Every structure is written in structure tokens, then in C-alpha cells.
Amino acid sequence: MSWFQADGYVLTGLPAEWEPPGPAGAGRAAAEGLLQDRERDRKLAMLTCLSQHRWMTTTEVEALFFTSSRGAQRQLRRLEEWGLVHRGHRTDPHVGGNWRKYPDLFLLSARGAWVLAHSQRTEPQELIRRAFYAFSNRLHILHGVGVNDFFASLVRASRELPDQGLYHWVGDDSTRRKFQEQGEDIAPDGWGRYLTESEEIYFYLEWDRGTEPSARLRAKAAAADHAGHHVLWVAPSPAREQGIRSALQASNSQGTSWTTHIGQLQEHGPLGEIWQPGPGDGHRQRLTELPGRPRSERQLEDCLGRPGWWLRRPGGTEGM
DNA sequence: CAACTCGATAACGAAGCCCA
DNA sequence: TGGGCTTCGTTATCGAGTTG
């Protein structure tokens, strides 16, 4: 399984136009099929995740819900046939016609949002709006490909470890909304709650694409003091990581920032000794070595990727 | 001697197939 | 059903051979 292949950045295969959910009866067949499906709960949880994180790749769905890629492929195929999700292929414009090199990418369709809302007994407008928003931004989606990959790779790396796991993954959409509600216009790309045997480690993710001007980088660094939550910065290159570290130094950020770069992630994985403390020049540490807080009542068996976690946590990766 | 062409091979993801 | 193995279509890579 390969992660963090961020260079391909064009999506093909999606419908050209957004298709509204249609008259109320149109989605009925799909809804009926889903309701009678033996894997209904897992499929609904997959739809919930698509709604929360705007899109997911086959590999990410596998990390969260399956133990083999085949299962993920089959279930996603079924959702596609029912018209609940859209499938896109990633292509690299520099090579041309290159697809299948990257995992396919799935978005919630209007019908999928409609069915999901009905299963949750909520009004469909909000979920459809979110799905439409994701669809309208489909051409820019891949700029954030690393964020979802990061969290999914964390699930993948931890799901078989009995003494730790990722419990919460709050996507960039929800994170940004929460910050906006607090009147802040600079928001990280996600938030996570990582459980160990004795602690819970809270962290924000700052997935840097190396495209932001240094002024904005400095603003981000200065804002990276989130009430004691760690901020994990991932840079595309070692040089850029140094740039981030300089910005952190200059901004005199009071928060606890840690930095790494893609090469470290690919080589050692998200649980490796890759996180270098922001200020100073300490050696790189593991995520599980970062200071945490006392454990809540949340159980390790309910962490993301554990068998049947979605049955006990109907709110997806963000709820409960 | 550098630049290119060609072919074999490796790698990858999706899907087909078989089996418990 | 899900899991695992196989097949298929595709691209990247590399080295040998060829050409200017």
C-alpha cells in the first residue's frame, strides 16, 4: 500500500455536471437496495465518511473499513452502481492518460447524500449542500490529498496495535468551520485524538504544500497555539521543513509544534520517529511519545479501523 | 561520445475468479 | 458474503543497442 502520492492532480471520470437528487422517488431503488444490504451499516458509515471528508480513495476506505483491498473495491463498486457515489480517476497531466497508477477517488453524489440524510432522519439539504460543495471543488481536491492519506495511514498503521489507536479524525471541513465560528480565519487541516494505554494525544495537522507565501506561513505559525494541542506540520521536502521551523522560531509560537517531511513519512510511517520538536533542535520522536492527557472513557476497541468500529460509532470518524 | 530508441521488467490498482 | 490469488491494462524504469 502506498501513501502520499500527491503529484497527480487532475481528476477524470466524474460527471461533468452536478446531478441533483431528482424527484423523491428516484433514489428509492438505491435506498431500498442499501436498506436490505447485509453490509448496510458499513456502507452507511462509508457514506458518512465521504460526507465528512468530502472524498476518499479506495486505499483510505480500506484502511478504515476493510482488511483487504478487494472488499473495499467491491463495496465501493456497489455504491457506485446504486448512484450513491461518484468515481474519479487521478491523472497526471505531465504524463498524460495516466490513471490506475493512483487509487480511484470517490465523492458522495446528491442521491448518496439524500439517502444518508434519510438514514440519519435529518433534513437532506445540508448534506446535499456539502456534497455539492465537494463536487464543485473537485478540480482542487487533490491539493489536499495528503491530509486524508495521513489520517488513513495512521489508522492503517495502528489498527492492529492493541495498546493504541486513532479515535477521532476531524476533517479539514469541520475543523475550518469550527475555527470560523470562533472568528479565526486560519485553520489547520484536521484534528485527531490518538489513544495510548495511559494517555490521549490531541493534535492538529498542518499539511503544508509548499505553495504558501512566507507571510502566510508566519501567520500560521503564530496562530499555531491551540490550547495545548500539538500541531503536527508536514512539509513536502526537508528544505521546506526548515522554512517552517524558521517561521515557528520567528513567530515565537507558544504552542507545541512538531515538524516532519514527506520523505520521513514515507520511510518510517506516521508512527515512526519522525516528529521534530518545533523550537530548538531536539531529536525526532514518535507520536506516542508526545505529551498527552489523561484517558477519557473512550475505549481502544472503538478506535478507527478496529473490527466493527462503525457499529458502535454511528457518527463516523468525527462523532462521539 | 552523447542522445535516442526499443524491449524487458517491475509496479500498481481494479476487477475476475474460486473457495470457505 | 469476505479473503486471497490471478489476470488485465497501464506506466515507470533501466539497460542494450543504435545513430548522429
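Convention: sequence-line order gives letters A, B, ...; per-chain numbering from 1. Nothing here was measured: the structure is a model prediction, and the numbers come from that model.
One atom, CD of A:Gln75, and another, C1' of B:dA15, lie 15 Å apart when rounded to the nearest Å. Look at CZ on A:Phe65: it is 14 Å from P on C:dG3, rounded to the nearest Å. Atom-to-atom, CG of A:Leu79 to P of B:dA14 comes out at 15 Å; the value is rounded to the nearest Å. At whole-Å resolution of the value, CZ in A:Arg40 and C1' in C:dT1 are 15 Å apart. Atom P of nucleotide B:dA14 and atom CZ of A:Arg90 are separated by 11 Å, given to the nearest angstrom. Atom CZ of A:Phe66 and atom C1' of C:dT1 are 12 Å apart (whole Å). If you measure from atom CG of A:Leu76 to atom P of B:dA14, you get 9 Å, rounded to the nearest angstrom. If you measure from atom CD of A:Glu62 to atom P of B:dA14, you get 10 Å, rounded to the nearest angstrom.
Residues A:Gly165 and A:Ser158 come closest through the heavy atom pair CA-OG, 3.8 Å.
Under the rule for a salt bridge (charged side-chain N to carboxylate O under 4.0 Å, His left out), the partners of A:Arg216 that lie at least two apart in sequence or sit in another chain are A:Glu212.
Between A:Ser109 and A:Arg111, the side chains place no donor N or O within less than 3.5 Å of an acceptor N or O (distance only, hydrogens not considered). Of the N and O atoms on the side chains of A:Tyr194 and A:Gln164, at least one donor lies less than 3.5 Å from an acceptor on the other residue.
A:Thr67 has a side-chain polar atom (N or O) that falls below the 4.0 Å cut-off from OP1 or OP2 of C:dG3. Regarding contacts with the backbone of B:dG13, every side-chain N or O of A:Ser69 stays at 4.0 angstrom or more from both OP1 and OP2.
Taking the side chain of A:Pro103 as heavy atoms from C-beta on, and the options B:dG13, B:dA15, C:dG2, the nearest nucleotide is B:dG13. Proximity note for A:Arg42 (side chain, C-beta onward) versus C:dG3, C:dG2, C:dT1: the nearest is C:dG2.
The ring of A:Tyr202 has its center closer than 6.0 angstrom to the ring center of A:His229.
Between A:His230 and A:Trp258, the ring planes are perpendicular. Angles over 60° get that label, and only those under 30° would be called parallel. In this structure, A:Phe203 and A:Phe150 have perpendicular ring planes: the angle between them is above 60°, well past the 30° mark.
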Could you go through nucleotides 16-20 of chain B and list every protein N or O atom that sits under 3.5 Å from one of its N or O atoms, giving the distance for each pair?
{"from": "B:dG16", "atom 1": "N7", "to": "A:Arg70", "atom 2": "NE", "distance (Å)": "3.3"}
{"from": "B:dG16", "atom 1": "N7", "to": "A:Arg70", "atom 2": "NH2", "distance (Å)": "2.8"}
{"from": "B:dG16", "atom 1": "O6", "to": "A:Arg70", "atom 2": "NE", "distance (Å)": "2.6"}
{"from": "B:dC17", "atom 1": "N4", "to": "A:Arg74", "atom 2": "NH1", "distance (Å)": "3.3"}

